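Scroll down for the structure; my scribbles are underneath it.
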Protein chains: 2
Amino acid sequence: MALGDAILACLTECPMTGYELAKTFDASIGFFWKADHQQIYRELSRLRDRGHVQGREVVQSGKPNKLVYTLTPEGRAALRHWAARPSSPASMKDDLLVRLYALDSVDIEPLRDDLMARMEHHRDRASRYERILNKRFPQGNAAPADTGKLLLLRMGLRHESMVAEWCEEALEALSAVSSRTNVVPIQVSQHEDNS
Amino acid sequence: MALGDAILACLTECPMTGYELAKTFDASIGFFWKADHQQIYRELSRLRDRGHVQGREVVQSGKPNKLVYTLTPEGRAALRHWAARPSSPASMKDDLLVRLYALDSVDIEPLRDDLMARMEHHRDRASRYERILNKRFPQGNAAPADTGKLLLLRMGLRHESMVAEWCEEALEALSAVSSRTNVVPIQVSQHEDNS
DNA sequence: TCGACTTTTTCGTGTTACGGTAAATAACGA
DNA sequence: TCGTTATTTACCGTAACACGAAAAAGTCGA
């Protein structure tokens with residue numbers, strides 16, 4: 001809902017090219033917001049049109065020239081202005097939850113596999129966040145300017161641990177159900193594979 | 001990414017009209033997925049075109065006639081098929097997190113207000129989930145067919161409590177920062193209010 | 001009785017997000 | 001020479017979201 005603003009937020013750190021942004025995004029805001037490079041570039045040109053960022057071309061010898069984008073005062077003001085408005089809570093919107101909702105109309109074998117994969121995924125991320133936390137904020141506190149980043153990481157850690165734990169619980173609950181499994185081989189025929 | 005499938009999942013419960021779906025969605029899947037009635041109706045016609053649901057018109061005296069949508073066998077198969085594919089973890093994508101990331105380029109007063117409102121919001125939802133859990137699953141366990149719904153509610157409860165708790169922590173951390181606040185009145189002038 | 005609200009469906013229009021495919025340019029390394 | 005990395009850009013489509021509007025029938029309170 002505000003990829004543009006997310007990019008502006010990223011650019012408050014330092015001026016960057018689209019390429020760098022696409023990489024950096026993944027290591028900061030990208031923890032909770034995916035955006036591929038096409039999205040980033042498109043959004044950057046839109047921001048440039050609005051005057052919120054300014055692109056300076058840097059001639060490079062070895063590589064194609066790059067466009068370093070800098071936050072303009074207008075962009076900075078827009079970010080502040082945007083940040084001053086109340087936020088709306090994000091929805092979770094997870095496929096897994098929909099599948100669980102329709103649990104008895106669905107095959108549980110693949111669901112179980114899915115849950116296990118997800119559990120590992122969330123555990124991985126949790127330990128990743130923990131590692132970063134320990135490295136960047138060993139004392140558990142941060143300089144005022146970094147407070148937000150510390151809070152972000154803590155949120156990420158909590159979220160991932162919580163979901164991983166929940167996956168575990170869900171797997172247990174599924175085991176209890178799996179006895180009366182309706183094991184019917186899935187039909188791939190007849191109708192197309194849309195959705 | 002799969003509103004259609006979410007609707008199919010909803011319809012596994014019982015046949016419903018678009019109007020009822022729009023209401024019911026809010027009280028089940030809508031806990032983690034917002035969709036207004038226009039979206040639902042449009043998706044329903046698409047599903048009907050694909051043959052995944054079937055609409056029967058029910059003539060009513062007092063009110064306008066309604067279209068009761070029933071899951072077709074094809075729809076049921078499509079749902080099973082969809083549910084058998086691995087899910088992709090949803091991203092959190094919360095405005096608040098972006099604002100915190102750019103904490104030192106942003107006014108903290110409105111941020112604090114926002115955090116407080118959000119904390120209340122998440123607390124409300126947490127207690128709401130708890131109430132539903134106590135009412136629907138007093139024993140803490142569910143019939144096999146309802147296991148998924150129990151898990152959903154537990155996830156919702158955990159998520160909301162976690163976020164509420166995190167908001168509290170964030171507010172504390174902000175208090176520590178707020179002493180060196182850069183209190184400059186926000187400019188609304190000069191450039192337009194886009195974004 | 002008038003006006004407001006509920007029930008029920010539908011249309012339209014625009015933006016944002018997300019996804020894939022692909023191309024141009026130029027170096028560096030195998 | 002072929003593949004990879006760096007760097008930007010273009011075009012395609014679909015899905016999601018947001019807003020606004022309207023019909024057509026009834027119910028209920030002021």
Side-chain angles (χ1 to χ4, degrees), chain A residues 1-7 15-26 29-30 32-50 53 55-69 82 85 88-95 98 193-195, chain B residues 1-8 15-26 29-30 32-50 53 55-69 82 88-95 98 193-195:
Chain A
M1 236 212 134
L3 179 57
D5 296 288
I7 289 179
M16 288 168 123
T17 71
Y19 192 80
E20 286 166 328
L21 253 172
K23 300 254 166 194
T24 311
F25 213 71
D26 204 58
I29 290 184
F32 54 91
W33 193 321
K34 293 285 137 219
D36 56 25
H37 69 282
Q38 294 98 325
Q39 267 176 283
I40 304 248
Y41 280 115
R42 235 174 314 172
E43 201 58 39
L44 274 173
S45 8
R46 238 179 292 176
L47 288 172
R48 193 178 35 191
D49 293 346
R50 283 185 203 153
V53 300
R56 279 176 303 107
E57 186 161 23
V58 172
V59 183
Q60 294 190 121
S61 52
K63 302 157 199 173
N65 297 342
K66 59 183 177 181
L67 262 165
V68 180
Y69 287 98
W82 169 76
R85 304 186 331 193
S88 49
S91 49
M92 316 179 46
K93 202 149 72 146
D94 194 321
D95 285 6
V98 178
D193 187 305
N194 50 13
S195 96
Chain B
M1 236 214 136
L3 178 58
D5 297 289
I7 289 179
L8 292 183
M16 287 168 124
T17 71
Y19 191 80
E20 284 166 329
L21 254 173
K23 298 258 166 190
T24 311
F25 213 71
D26 204 57
I29 290 183
F32 53 91
W33 192 322
K34 293 285 137 222
D36 56 26
H37 68 283
Q38 293 99 326
Q39 265 176 285
I40 306 247
Y41 280 115
R42 234 172 315 172
E43 200 59 39
L44 273 173
S45 8
R46 239 179 291 176
L47 289 172
R48 193 178 35 192
D49 292 347
R50 283 184 204 154
V53 300
R56 279 177 302 108
E57 185 160 23
V58 172
V59 183
Q60 294 190 121
S61 54
K63 303 156 197 172
N65 296 344
K66 59 184 176 181
L67 262 166
V68 180
Y69 287 98
W82 168 77
S88 48
S91 49
M92 316 178 49
K93 203 148 72 142
D94 194 320
D95 285 6
V98 178
D193 185 303
N194 50 13
S195 93

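So you know, we letter chains A, B, ... as the sequences are listed, proteins then strands, and number each from 1. As the structure is a prediction and not an experimental result, all values here were calculated from the model.
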query = Can you check the Met16(B) CE to dT7(C) C1' distance for me, whole Å?
reply = 15 Å
note = Of dA18(D), dA16(D), dG20(C), the nucleotide closest to the side chain of Arg42(A) is dG20(C)
request  = Check whether any side-chain nitrogen or oxygen of Tyr19(A) sits under 4.0 Å from OP1 or OP2 of dA6(D), and answer yes or no.
outcome  = yes
message = Strictly below 4.0 Å: does Ser45(A) bring a side-chain N or O up to OP1 or OP2 of dT9(D)?
response = no
ask   = Does dC18(C) have OP1 or OP2 sitting under 4.0 Å from an N or O in the side chain of Lys93(B)?
value = yes
message = What is the distance, to the nearest angstrom, from the CG atom on Leu3(A) to the P atom on dG19(C)?
response = 12 Å
ask   = If you measure from CG on Leu44(B) to CD1 on Ile7(B), what distance do you get to the nearest 0.5 Å?
value = 5.0 Å
With sequence neighbours excluded, residues passing side-chain contact (heavy atoms from CB on, under 4.5 Å) with Tyr19(A) = Thr17(A), Lys23(A), Tyr41(A)
ask   = Quick one: Lys66(B) NZ to dT6(C) P, roughly how many Å, whole number?
value = 18 Å
Scan nucleotides 21-24 of chain C against the protein and return all N/O pairs shorter than 3.5 Å with their distances rounded to 0.1 Å.
{"from": "dT21(C)", "atom 1": "O4", "to": "Gln38(A)", "atom 2": "NE2", "distance (Å)": "2.7"}

task = Just jot down the side-chain contact (heavy atoms from CB on, under 4.5 Å) partners of Arg48(B), sequence neighbours excluded, or say none.
result = Ser45(B), Val53(B), Leu67(B), Tyr69(B)
ask   = Side chains of Met16(A) and Val68(A): closer than 4.5 Å at any heavy-atom pair?
value = no
task = Can you measure from CZ (Arg46(A)) to CG (Leu3(A)) and round to the nearest 0.5 angstrom?
result = 8.0 Å
message = For a quick test of reading the model: is some side-chain N or O of Tyr41(B) closer than 4.0 Å to OP1 or OP2 of dT9(C)?
response = yes
Gap between atoms CG and P, on Asp5(A) and dT16(C) respectively (whole Å) = 10 Å
task = Mind calculating the distance between CD1 (Ile29(A)) and P (dA17(C)) to the nearest angstrom?
result = 13 Å
query = Looking at residues at least two apart in the chain, or sitting in another chain, which of them share a salt bridge (charged side-chain N to carboxylate O under 4.0 Å, His left out) with Arg42(B)?
reply = none
note = Rounded to whole Å, the CD-P distance (Glu20(B) to dT7(C)) equals 10 Å
key: Residue mapping more 5' on DNA chain D - nearest nucleotide basis, Arg46(B) or Asp36(B)   = Arg46(B)
ask   = Considering only heavy atoms from C-beta outward, does the side chain of Trp33(A) approach that of Asp94(B) to under 4.5 Å?
value = no
inquiry  = Check the phosphate of dT7(C) against Thr17(B), side-chain N and O only, distance under 4.0 Å to OP1 or OP2. Yes or no?
reply    = no
task = Figure out the CD1/P separation between Ile40(B) and dT8(C), and round it to whole Å.
result = 14 Å
message = For Leu67(B) and Glu43(A), find the nucleotide of DNA chain C closest to each by heavy atoms; which residue's nucleotide sits nearer the 5' end?
response = Leu67(B)
remark   = Contacts of Arg56(B) meeting salt bridge (charged side-chain N to carboxylate O under 4.0 Å, His left out) (sequence neighbours excluded), chain-then-number -> none
message = Need the bend value for the helix from dT1(C)-dA30(D) to dA30(C)-dT1(D): angle between end axes, 5 pairs each end, nearest 10°.
response = 20°
note = For Ala90(B) and Lys93(A) the tightest heavy-atom approach is CB-O, 3.6 Å
ask   = Taking for each residue the nucleotide of DNA chain C with the nearest heavy atom, is it Ser91(B) or Val68(B) whose nucleotide lies nearer the 5' end?
value = Val68(B)
message = Rounded to whole Å, how long is the line connecting atom OH of Tyr69(B) with atom C1' of dT10(C)?
response = 10 Å
task = May I ask you to evaluate whether Gln39(B) reaches the phosphate of dA16(D), defined as a side-chain N or O under 4.0 Å from OP1 or OP2?
result = no
Flag side-chain contact, heavy atom, 4.5 Å: Leu8(B) against Trp82(B) = no
